[in-house]
> 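This is the structure, below, for whatever I ask next.
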Amino acid sequence: MIAFITGATAGIGQATAELFAKNGYNIIITGRRKERLQEFSAELKSKYKIDVLSLNFDVRNLKEVEDAINSIPTEWKKINVLVNNAGLAVGLNPIQEGVVDDWERMIDTNIKGLLYVTRNVSPIMIQNGFGHIINLGSIAGKEVYANGNVYCATKHAVDALNKGMRIDLLPHNIKVTAINPGMVETEFSIVRFKGDIDRAKNAYKGFQPLLAEDIAETIYWVASRPAHVNINDIVIMPTVQANATTTIKK
Ligand code: NDP
Ligand code: 8X3
């Protein structure tokens, strides 16, 4: 069994790669940080005695995505699961003060990057006659909160793409699922607040957020349902979070 996980150098993607490896999958891991990919690959191989293929590319760069996926050796092409996880939020400003470069990074990564990877992996799955694409959406793709404007828009786009992909890939025996988490403590807020660690930590202060491992378990559960079962869409929140804007903090 083979799982292809984008954004496996940190957070949810890394925890997901580890859990699939633990369950005997061979793993294709991707990300921009080459050193992390190399270290993580060595760790997975020695800990779980599985094979790992590292693909170092930026999901925003179509040529890099195409070259990386075209380079996949034949024996790695029987991809059972693609986890479209690479993504980010950058900035948290009202629309009138938005930073255009932040907007472009989110749109290019969360929408276009997910599309580039899907466009290149789905024909391989069609050729194989099976596959499962699991897209990381967000509660931000179901609701909108103050200053979340463009990030929320990108995750609403993922929500729409998830539904659209499921229709288009239905005749090809390819399952499509969206996982939509609330707050998960990863590097997400460090990226959103551009390296401001204190502000990032503050985002999870006074309550227990979800952990990357909680989402990994959900993804693995979705991927391990019987062949005739597909989970279309999951919203998963910390117990103390009711929706995008209502959280009980101490
Ligand atoms: P992290 O910042 O911890 O991890 C993000 C991963 O995405 C990293 O491995 C990073 O790798 C990769 N990535 C980001 N940009 C690119 C790019 N341009 N090209 C290739 N890889 C990229 O965040 P999370 O684990 O929290 O986020 C994973 C997904 O989950 C995202 O789609 C996020 O929107 C979603 N999500 C997160 C929530 C949260 O509260 N944390 C809640 C709901 C959804 P590298 O930097 O090495 O390229
Ligand atoms: C990440 C969760 O609530 O910060 O997608 O948008 S939230």
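Whatever order the structure lists ligands and atoms in, that order sets their numbers, starting from 1.
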> Looking only at heavy atoms, which two atoms of Gln241 and Met183 are closest? And how far apart?
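Nearest pair, atom of Gln241 first, then Met183: OE1-N, 3.0 Å.
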> Establish, from distance only, whether the side-chain atoms of Asn232 and Thr177 form a donor-acceptor pair under 3.5 Å.
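No, because no side-chain N or O of Asn232 sits under 3.5 Å from a partner of the opposite role on Thr177.
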> At under 4.0 Å between heavy atoms, is it the side chain or the backbone of Arg192 that contacts ligand 2, or both, or neither?
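Side chain only.
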> Counting heavy atoms only, which part of Arg32 comes closer than 4.0 Å to ligand 1: side chain, backbone, both or neither?
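Both parts.
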> So which heavy atom in the protein is nearest atom 8 (C) of ligand 1, and how far is it from that ligand atom?
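Its nearest protein heavy-atom neighbour is Thr9 OG1, 3.5 Å.
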> Should the heavy atoms of other residues, nucleotides or ligands under 6.0 Å from NZ of Lys201 be counted, would the total exceed 12?
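Not more than 12 within 6.0 Å, no.
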> Does ligand 1 have any atom that is closer than 4.0 Å to a heavy atom of Glu185?
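No, Glu185 has no heavy atoms under 4.0 Å from ligand 1.
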> Between the candidates Ala17, Ser138, Ala8, Ala10, which shows the shortest non-hydrogen contact distance to atom 4 (O) of ligand 1?
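When every heavy atom of Ala17, Ser138, Ala8, Ala10 is considered, Ala10 comes closest to atom 4 (O) of ligand 1.
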> Heavy-atom pairs closer than 4.0 Å: do any link ligand 1 to the side chain of Tyr116, the backbone, both, or neither?
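The answer is neither; Tyr116 stays 4.0 Å or more away.
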> Say whether Ser189 and ligand 1 are in contact under the criterion: heavy-atom distance to a ligand atom below 4.0 Å.
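No, Ser189 has no heavy atoms under 4.0 Å from ligand 1.
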> Using a 4.0 Å heavy-atom cut-off, which part of Ile139 comes near ligand 2: side chain, backbone, both, or neither?
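The part of Ile139 near ligand 2 is the side chain, not the backbone.
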> By the definition side-chain hydrogen bond (donor to acceptor under 3.5 Å, both in side chains), identify the one residue from Thr6, Asn110, Asn162, Thr118 that meets it with Asn84.
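Exactly one candidate clears the test, Thr118.
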> Taking only non-hydrogen atoms of Gly137, do any sit less than 4.0 angstrom from ligand 1?
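Per 4.0 Å heavy-atom rule, Gly137 contacts ligand 1.
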> For atom 43 (C) of ligand 1, what is the nearest protein heavy atom, given as residue, atom name and distance?
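Sorting protein heavy atoms by distance from atom 43 (C) of ligand 1 puts Pro181 O, 3.3 Å first.
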> Just checking, is any N or O donor in the side chain of Tyr116 or Glu66 under 3.5 Å from an acceptor N or O on the other one?
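Distance-only check fails for Tyr116 and Glu66.
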> Verify the neighbour count for atom CZ of Arg119: are there more than 12 heavy atoms of other residues, nucleotides or ligands below 6.0 Å?
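No, CZ of Arg119 has 12 or fewer neighbouring heavy atoms, counting only those of other groups under 6.0 Å.
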> What is the closest protein heavy atom to atom 3 (O) of ligand 1, and at what distance does it sit?
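Checked against all protein heavy atoms, atom 3 (O) of ligand 1 sits closest to Glu187 N, 3.1 Å.
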> For Phe188, give me all partners under ring-ring contact (aromatic ring centres under 6.0 Å, His included), at least two apart in sequence or on another chain.
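By the ring-ring contact (aromatic ring centres under 6.0 Å, His included) rule, Phe188 matches Tyr151.
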> Check each of Ser138, Pro209, Ser189 against atom 5 (O) of ligand 2 and report the one with the nearest heavy atom.
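Minimum heavy-atom distance to atom 5 (O) of ligand 2 goes to Ser138.
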> Within less than 4.0 angstrom of ligand 1, does Gly113 place any heavy atom?
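Gly113: no contact with ligand 1 (<4.0 Å).
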> Under a plain distance cut-off of 3.5 Å, with no hydrogens placed, do Asn56 and Ser54 share a side-chain donor-acceptor pair?
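Their side chains do not contain a donor-acceptor pair, so the 3.5 Å distance test is not met.
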